[in-house]
Amino acid sequence: MAVVAPILSSNPLHLLPSSFDPPYELIHSHPSLALLSKCRSLDTFKQIHSQFIKFGLHNTQFALSKLVEFCAVSPHGDLPYAVSIFNSIHNPNHVIYNMMIRGYSLSSTPSLSLHYYVNMLLSGLEPNSYTFPFLLKSCTRLPTADTGKQVHGQVLKFGLVDDVYAHTSLINMYAQHGDLDDARMMFDKSDYRDAVSFTALITGYASRGYVDEARELFDSIPIRDVVSWNAMIAGYAQTGRFDVALSLFHEMRKQRVSPNVSTMLSILSACAQRGDMETGGVVRSWIEEHGHGSNLKLLNAMIDMYAKCGDPDMARSLFDSIQEKDLVSWNVMIGGYAHASKYKEALQVFRLLLLNNVEPNDVTFLNVIPACAHLGALDLGKWIHTYVKKHYSEFPNEALWTSLINMYAKCGDIVAAKQIFRGVQRKSLACWNAMISGLGMHGDAAGAIDLFTEMANEGMKPDDITFVGVLSVCCHAGLVDLGREFFNTMIRDHGISPRLQHYGCMVDLLARAGQLEEAMSMVGTMEQEPDGAIWGSILGGCRLHKNVELGEYAAKILYSLEPGNPGNYVALSNIYAGAGRWDEVAKIRTYLNDAGLKKVPGSTSIEVDSVVHEFLVSDRTHPRSEEVYRMAEEVEEAVRVAGHVTDTSEVYYDVDREWKEGVVSEHSERLAIAYGLISTKAGTTLRIVKNLRVCGNCHAATKIISKIYNREIIARDRSRFHHFKDGRCSCMDYW
DNA sequence: GTAGGGTTAG
């Protein structure tokens, strides 16, 4: 008795029969229970569990339900452990069954909730008003609404359909499965509507793109809370209506509803897309005020926002300040640089990522590959191709192949582009488009047009981008009749209304061919306002075909469209020069000098041993500059000896060059080629990328260089490729 | 004693 007495006094529950639930207060005040509510790990939980056993608490349904709740529901819990406790319980009550159902509704196997529901019925218990919200949560997470519909029958059977919680859960279940009509019917039937039931339906509409329906509901909610606002804002952001998303955000603030992290993530994405750095700044202050400065998701979204709003330096400093970067941080930074046309920086960050032993993924590559394409960084592109083949051949991301096709084409390796294209099993429209425009860039008109036919034969319907591809092929090759035919087919047979780019190709094609009247009448039929490129084509055509009057007209329009672009003045001055109107030429030159208008300087890059070297006009900053200039002079002399006479007429007419670009032998492409000649083995193909169009003299000289130095030179300029070999160019001197 | 709407960034 002496041994038993202290136990009895300290543990009055120990001797109670297991089926008996003692008074609430007795258990609720037990210290072990307080421990459980503070428990944050499974190890601690196990200690608490043994205390429960020691004190006999485990014989009470209340205590057991608390144990099961922790294991099944808490993020620190463990569902299998909950199962083992559950299995040790003789007659689990409602709460315990409900907790198991709830636990599975949060698990990766929500269907097992059903198992507990069925057993609950078999044990003779009826579901109560708590059961269906949990069970329907599981149904919401199942792939189809079938089970949910059966559960709906159960809700009716047990007379709980008017219960607010069960009812809202049903609305949500139907809404999440896209059965919006059923969800709507349930919603309309209920006579108790609040922010939660409204929002369940709104989310259903918004997440499936029915933003306007969602908005109508949203506007009729009696009380909106932050979740309702978020659902609406996210709906607009995901359907590309970023302006509306942003204005809703400002409205929400005006109505003094506090945003939360979800709001801010949607808003940052909208800011990024709309270039709204001001609202982005509001978000930044909010993050700092609310102590979310270390929320990585928010920080990554901020980096993305700054980069896409045109401040990649701010993005970078934020990126550098993050200690624990994840892959998304790297991807947004790389993508941010690429978006800001800072391709070299994008590749630098990519190299840094590899140096930090971070494993890239497909998103990384979808950002890096276009950067390689822009820079003509073929070696890095090839390395990525090898990596992609190794890692993604089993789970191919089709966009990756398309991106690689585009990269190879833009880096001048059209053979490799074709190889990938032929290897792609199920070719998407984007894939066909990439190959067609790739062939187009390389001047392979026949190849591109064959592919267009092949595509049609395979039942793939061309879109507006496909037609930009084929029309630009016709433009590069001077195929006027075919171009006209494609243009008409596009409108007539495919119902595609021409966009600026289509008109751009056609006007350029016609203007070059000297069909200035037809070109002008096409401009007249345009629905949209013709842009600078179109008037530029007219002006270029006037220069080629010596039409002063129309040239003056086009130039005047261009002056107002592009006031800062000296190229238009230069082009008109060339037309005047061709007509011998030297006084006009002089006037323009004086104007340009007075206005201080500067043309974008020519720059050419060349990749040698995976490093991209960039040369500007008369550039002397390269470490091997002296050797480069010596080689450039040698080349110039060799070209002269080979019989090339610098086209003095062009130099004479081209005020621009005299004025800005200096001597032809210091053009950036000459420097890049000279560098290529001194830094690669004899016979190696040189691949160069120029930011402007190649000039006539450099084109002629490069043909000769390809012959006397026995090098294939593949040059990409602003609009297309030139393959120089044995003294000829693939463009047949038409460009 | 347990409950309904949101898993977020590229």
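Note that the structure is predicted; figures quoted are calculated from it, not measured. Just so we're on the same page: letters track the sequence lines, and every chain starts at 1.
Within the 4.0 angstrom heavy-atom criterion, base atoms lie near A:Phe134. In this structure, A:Val332 reaches the sugar-phosphate backbone alone: every heavy-atom distance under 4.0 Å involves primed, P, OP1 or OP2 atoms, never a base. Within the nucleic acid shown, A:Thr131 has no heavy atom closer than 4.0 Å to any nucleic acid atom.
Comparing B:dA3, B:dG5, B:dG4 by their nearest atom to the side chain of A:Ser169 picks out B:dG4. Here B:dG10 is the nucleotide among B:dG4, B:dG10, B:dG6 with the atom lying nearest to any side-chain atom of A:Asn361. Relative to the side chain of A:Thr168, the nucleotides B:dG4, B:dA3, B:dG5 differ in distance, and B:dG4 lies closest. Listed nucleotides B:dT2, B:dG4, B:dG5 differ in distance to A:Ala200; the shortest reach to its side chain belongs to B:dG5. Here the nucleotide nearest the side chain of A:Thr199, chosen from B:dA3, B:dG6, B:dG5, is B:dG5. Among the nucleotides B:dG6, B:dG4, B:dG10, the one closest to any side-chain atom of A:Val164 is B:dG4. The A:Asn300 side chain lies nearest to B:dA9 when the options are B:dA9, B:dG5, B:dA3. Among the nucleotides B:dA9, B:dT2, B:dG5, the one closest to the side chain of A:Met99 is B:dT2. The side chain of A:Ser269 lies closest to B:dG10, out of B:dT8, B:dG10, B:dG4. Which of B:dG10, B:dT2, B:dG4 sits closest to the side chain of A:Val95 comes down to B:dT2.
For B:dG5, one of the phosphate oxygens OP1 or OP2 lies less than 4.0 angstrom from a side-chain nitrogen or oxygen of A:Asn172. One finds a side-chain N or O of A:Gln176 lying less than 4.0 angstrom from the OP1 or OP2 phosphate oxygen of B:dG6. An OP1 or OP2 oxygen of B:dG5 is reached within less than 4.0 angstrom by a side-chain nitrogen or oxygen of A:Lys137.
Annotation: A:Tyr165 is not in aromatic contact with A:Tyr130 [ring centroid separation under 6.0 Å not met].
A:Phe132 and A:Tyr117 have tilted rings, their planes meeting at an angle from 30° to 60° on a 0 to 90° scale. Relative orientation of the A:Tyr343 and A:His374 rings is parallel, given thresholds of 30° and 60° on the angle between their planes. In this pair, A:Tyr387 and A:His391 present their aromatic rings parallel. The plane angle is below 30°, not in the 30 to 60° band.
One can find a donor-acceptor pair under 3.5 Å joining the base of B:dG4 and the side-chain atoms of A:Asp194. A:Asn230 contributes no side-chain N or O that forms a donor-acceptor pair with the base of B:dT8 under 3.5 Å.
Remark: ring of A:Tyr165 overlaps the six-membered base ring of B:dA3 in a stacked fashion, centroids less than 5.5 Å apart, planes less than 30° apart.
The nearest whole Å value for the distance from the CG atom in A:Asp162 to the P atom in B:dG4 is 19 Å.
The environment of A:Asp243 atom CG is dense: over 12 non-hydrogen atoms of other residues, nucleotides or ligands sit within 6.0 angstrom.
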